[in-house]
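Along the sequence shown, residues carry numbers from 1. Remember, it's 1-based here, ligands and their atoms both numbered in the order they're listed.
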Amino acid sequence: MNEWGGVGMDEQLVDLLVCPVCHGALVWRTQVRAGGRIEEGEARCHGCGATYPVHEGIGLFLTPDLSRHDLWEEVESRLAAYLRQHPEVERTLLATPLEGLSPADRWFRARILEERGAFAEAQRAEELALADLYTREWLACYRAQLAYVTEHLSPAEGPVVDLASGRGGLVEELARRSSRPIVATDFSPRVLRAARRRFAFLGLARRMSFLACDARRTPFRDQAVGTMTTNLGLANIEQPEGLLPELRRVVAGELLAICHFFPEEDEANAAAIRRLGLATFLYERPAVAAFRGAGFEVELANVRRGQARPTPEGVLLAGAGIDALPVAETELTWCTLIAR
Ligand SMILES: C[S@@+](CC[C@H](N)C(=O)[O-])C[C@H]1O[C@@H](n2cnc3c(N)ncnc32)[C@H](O)[C@@H]1O
């Protein structure tokens with residue numbers, strides 16, 4: 001058990017992992033372990049000699065060749081720098097009753113509180129933020145997909161690997177409602193560290209492992225993953241050309257991907273989506289075609305529609321935004337894309 005009351009990487013995962021660069025076998029050296037969990041250690045590739053540390057219970061399997069636009073790192077360090085220069089804004093942000101703050105300011109307050117380990121207060125701020133950041137339909141569609149994925153999971157053995165887990169919206173749902181081990185992955189070590197602390201606080205970390213890896217170059221051996229999930233993860237992956245061949249390589253069973261698709265005729269959002277380079281997974285037709293092209297069979301389940309509006313910017317933190325999309329009000333089609 002570590003200082004956060006959480007646990008390290010499940011030792012059973014070792015059998016599923018290879019070098020993300022050359023897929024060579026890994027030779028493990030464990031320095032600190034407890035209860036079948038690795039806290040500190042190192043894996044060395046027998047093939048190419050690359051090394052991958054396990055630090056504070058998180059396996060770090062990032063490769064140097066893929067560029068990484070880590071928004072968590074950017075937002076948190078920009079926020080910290082801004083608040084250092086404007087301590088009066090931080091004081092007001094933390095002292096104002098939550099109801100008196102704008103939705104985005106509530107969300108940023110939640111981030112500051114979480115960073116300080118004030119998880120219960122952070123959760124309250126976040127809940128109040130979400131209720132006003134998103135439309136009621138958006139939240140209903142989102143929750144319906146989380147519920148669908150957790151209900152649809154088979155009770156099969158073996159871990160569920162969640163891709164682009166971020167702060168762990170889906171991971172939390174899986175931990176609460178399924179008995180399977182969960183592997184949360186993201187290319188941002190920062191967000192994984194924060195998620196792990198929060199889940200340890202919530203008493204949910206026991207069945208979880210955390211691996212920092214790029215979804216386009218994962219450390220899983222061929223066909224090692226029985227069930228993979230992702231919650232709005234695919235559409236956040238920049239330069240996703242290698243993504244689906246990689247997922248086809250590692251997924252033996254099924255991939256359940258929560259997606260929302262934009263209407264093709266919505267020009268205002270289309271221009272922003274093109275600028276961000278995220279068109280493949282934000283439109284139904286290219287997304288389905290990309291999966292089929294990579295050799296998957298595809299089914300769209302639990303299809304729902306709901307209005308979405310741009311998330312409002314901060315007021316105290318003037319101009320600070322939450323979601324880049326949508327840039328104009330639109331109707332999104334939500335579904336769980338099942339790929340086998
Ligand atoms: C909006 S979050 C998705 C929400 C999250 N799945 C949940 O359930 O709360 C998108 C995540 O994708 C991650 N991401 C973006 N590109 C990635 C990549 N190439 N590989 C792995 N993760 C990536 C980001 O760091 C971010 O945490």
Test your reading of the structure: does [X] have an N or O sitting under 3.5 Å from an N or O of ligand 1?
X	result
Ala215	yes
Gly169	yes
Tyr142	no
Leu232	no
Ile237	no
Trp72	yes

How close does the nearest protein non-hydrogen atom get to [atom], and which residue and atom is it?
atom	value
atom 4 (C) of ligand 1	Asn231 O, 3.3 Å
atom 25 (O) of ligand 1	Asp186 OD1, 2.7 Å
atom 12 (O) of ligand 1	Ala164 CB, 3.3 Å

- Message: Heavy atoms only: which of Asp70, Thr229, Ile258, Asn236 lies closest to atom 1 (C) of ligand 1?
- Response: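 Selected option, by shortest heavy-atom distance: Asn236.
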Does the [X] side chain pair with the main chain of [Y], one donor and one acceptor, at a distance under 3.5 Å?
X	Y	result
Asn269	Pro326	no
Asp10	Pro181	no
Gln145	Thr336	yes

- Report the part of Glu238 in contact with ligand 1, treating N, CA, C, O as backbone and CB onward as side chain, heavy atoms under 4.0 Å; options are side chain, backbone, both, neither.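 Within the 4.0 Å criterion, Glu238 makes no contact with ligand 1.
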- Task: Over all heavy atoms of both residues, which pair between Ile38 and Val54 is shortest? Give the atoms and the distance, please.
- Result: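 Closest pair (atom of Ile38, atom of Val54, distance): O-CG1, 3.8 Å.
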- Could you walk me through whether Arg305 and Thr333 pass side-chain hydrogen bond (donor to acceptor under 3.5 Å, both in side chains), step by step? CA-CA 5 Å; Arg305 290 195 173 76; Thr333 300; 3.3 Å; yes
Proximal ligand 1 atoms for [X], defined as those under 4.0 Å from one of its heavy atoms:
X	value
Asp214	18 (C), 19 (N), 20 (N)
Ser165	5 (C), 6 (N), 7 (C), 8 (O), 9 (O)
Gly166	27 (O)
Phe187	14 (N), 15 (C), 16 (N), 17 (C), 18 (C), 19 (N), 20 (N), 21 (C), 22 (N), 23 (C), 25 (O)
Gly168	9 (O)
Arg216	19 (N)

- Query: Are Phe261 and Tyr283 close enough that their ring centres sit under 6.0 Å apart?
  - Reply: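 For Phe261 and Tyr283, the ring centres are not under 6.0 Å apart.
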- Message: I'd like to know if Arg340 pairs up with Glu299 as an ion pair, taking the criterion as any Lys NZ or Arg NE/NH1/NH2 lying under 4.0 Å from an Asp or Glu carboxylate oxygen.
- Response: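 The answer is yes: the pair qualifies as a salt bridge.
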- Flag the pair Glu115 and Arg193 as a salt bridge only when some basic side-chain nitrogen lies within less than 4.0 angstrom of an acidic carboxylate oxygen.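 Looking at Glu115 and Arg193, the cut-off is not met.
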- Task: Report the residue from Leu170, Val149, Thr185 that forms a side-chain contact (heavy atoms from CB on, under 4.5 Å) with Asp162.
- Result: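 When side-chain contact (heavy atoms from CB on, under 4.5 Å) is applied between Asp162 and each of Leu170, Val149, Thr185, only Leu170 qualifies.
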- Task: Decide whether the shortest distance between a heavy atom of Pro240 and an atom of ligand 1 is less than 4.0 Å.
- Result: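 Distance cut 4.0 Å: Pro240 fails for ligand 1.
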- Task: May I ask you to establish whether Arg248 and Phe296 are in a cation-pi arrangement, using a distance under 6.0 Å from NZ or CZ to the six-membered ring centre and at most 45° from the ring axis?
- Result: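 Yes, a cation-pi geometry holds between Arg248 and Phe296.
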- Query: Out of curiosity, Leu153 CG to Thr229 OG1, how far, rounded to the nearest 0.5 Å?
  - Reply: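 So the gap between those two atoms works out to 7.0 Å.
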